[in-house]
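Step one of this worksheet: look at the structure below.
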Amino acid sequence: MLRRQAKDFINIDPLQTGGKLTEEAKEALLEWGDGYSVCDFCQGRLDEIKNPPIYDFVHRELPEFLGCDVARITGGAREGMFAVMHALAKKDAWVVVDGNAHYSSYISAERAGLNIAEVPSTGHPDYLIKPEKFEEVIEETEKKGEIVLALITYPDGNYGNLPDARRIAEVCRARDIPLLVNGAYAVGRMPVKLKDIGADFIVGSGHKSMASSGPIGVLGMRGEWEETVLRRSSKYKNKEIELLGCTARGASLMTLIASFPTVKKRVERWNEEVEKARYFSSKMEEIGILQLGEKPHNHDLMFFSSEKLFEISKRAKDGRFFLYKELKNRRIHGIKPGLTRHFKLSTYGLSKEEIEYVLNAFREIIEKYEG
Ligand SMILES: *Cc1c(COP(=O)(O)O)cnc(C)c1O
């Protein structure tokens with residue numbers, strides 16, 4: 001059997017904390033593991049399969065959850081971004097993205113043949129994306145060519161900053177530029193509704209934030225975009241071109257559906273997650289490990305900076321791997337091997353006891369090497 005080394009560790013890897021399967025999803029994974037299992041009763045369109053209840057999920061549950069008119073399943077957040085960009089792309093046109101955007105936003109834009117204009121953040125130490133800056137960059141870019149889309153990362157995957165997406169949506173709306181909200185770290189963790197923000201598209205990631213095995217994502221949009229983004233093949237009349245006909249067609253989708261009742265409930269307890277993150281951040285700062293990004297913080301993903309750990313790494317026996325090894329010895333997983341000076345972590349889903357355990361581990365490690 002292929003064993004996974006860190007399976008039973010306390011996991012603080014931001015990529016992984018929101019994607020841990022529920023018990024229901026684990027069962028679904030086994031039940032639906034065979035290839036194309038969901039297609040037993042398919043009549044030609046994935047989202048219209050009634051048994052298993054994909055139709056109800058895609059056409060009723062998801063739009064309600066995302067606060068949008070129309071929703072679809074995608075291969076992941078990036079596939080959602082690419083589908084929208086590709087559908088809206090025109091020759092020599094531009095997409096405006098925030099400076100904290102994920103690499104896959106850039107790559108999606110490149111693949112769609114769009115020019116990319118970047119809205120710089122405020123830089124060290126907060127890295128905020130300001131609506132005024134967004135406006136400025138839009139105005140400059142409009143002089144160069146047509147802007148077919150703007151994208152805001154909400155929150156970004158480096159600092160966990162939540163920009164003022166509503167104000168940014170107003171800025172875009174005033175210029176008739178559709179806005180895509182990349183909610184890879186929001187959808188399934190915290191309450192977020194497309195209509196409350198006032199944007200046009202939203203994408204989420206099942207394996208990152210919706211307790212799913214993945215790869216899988218969700219895409220929501222305003223009704224007015226349906227015809228453009230979900231236009232159909234001329235030959236295969238019910239196949240949507242940007243989705244290549246069908247997206248996730250198997251166990252990944254069933255884990256998403258199986259976890260959904262739990263996911264819906266957990267977003268309502270979001271304030272507890274924010275409190276835990278803030279507590280964790282304040283205690284880390286007490287031992288000289290500083291949190292960058294928004295403060296007080298509004299998300300479980302946090303970026304830390306520590307000269308102390310960096311100094312230790314220069315003289316520790318294991319060098320820059322000392323932190324990884326010390327944490328591993330304490331059965332804590334999630335900080336990349338070799339990082340000491342800058343690293344990110346997530347407290348999502350950790351119990352209060354686990355939070356204390358992780359904090360204590362950092363205290364012990366520093367004491368061990370400084371004492
Ligand atoms: C993880 C992440 C993605 C990519 O998500 P996938 O579902 O794996 O495509 C995109 N954007 C942000 C901000 C992310 O953190």
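Order of appearance sets the numbers: ligands from 1, and atoms from 1 within every ligand. Nothing fancy with the numbering, it's 1 onward along the sequence. Atoms considered below: every heavy atom in the structure, side chains included; atoms not considered: hydrogens, waters and symmetry mates.
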Parallel, tilted or perpendicular, as decided by the 30° and 60° cut-offs, for the rings of [Y] and [X]:
X: Tyr348; Y: Trp270; answer: tilted
X: Phe362; Y: Phe343; answer: parallel
X: Phe201; Y: Trp225; answer: tilted

Starting from [atom], locate the nearest protein heavy atom and write down its residue, its atom name and how far away it is, to 0.1 Å.
atom: atom 5 (O) of ligand 1; value: Ala77 CB, 3.5 Å
atom: atom 10 (C) of ligand 1; value: His102 ND1, 3.3 Å
atom: atom 9 (O) of ligand 1; value: Arg78 NE, 2.7 Å
atom: atom 15 (O) of ligand 1; value: Lys208 NZ, 2.5 Å

* To do: Give the atoms of ligand 1, by number and element, whose distance to some non-hydrogen atom of Tyr185 is under 4.0 Å.
  => 15 (O)
* Taking only heavy atoms of Gly76, which atoms of ligand 1 are found under 4.0 Å from at least one of them? -> 7 (O), 9 (O)
* Backbone N or O of His102 within a donor-acceptor pair of the Ser105 side chain at under 3.5 Å? -> yes
Charged tip of [X] within 45° of [Y] ring normal and under 6.0 Å:
X: Lys344; Y: Phe303; answer: no
X: Arg330; Y: Tyr357; answer: no
X: Lys336; Y: Tyr324; answer: no

Nitrogen or oxygen atoms of [X] and ligand 1 under 3.5 Å apart:
X: Ser205; result: yes
X: His207; result: yes
X: Thr153; result: no

* Which part of Asn182 is near ligand 1, with near meaning a heavy atom under 4.0 Å away: side chain, backbone, both or neither? -> side chain
* Structure fact -> So for Ala184 against ligand 1, with non-hydrogen atoms under 4.0 Å, the contacting part is side chain
* Within-shell test, Gly217 vs ligand 1, heavy atom, strictly < 4.0 Å -> no
* Does atom NZ of Lys133 have more than 12 heavy-atom neighbours, drawn from other residues, nucleotides or ligands, at distances under 6.0 Å? -> no
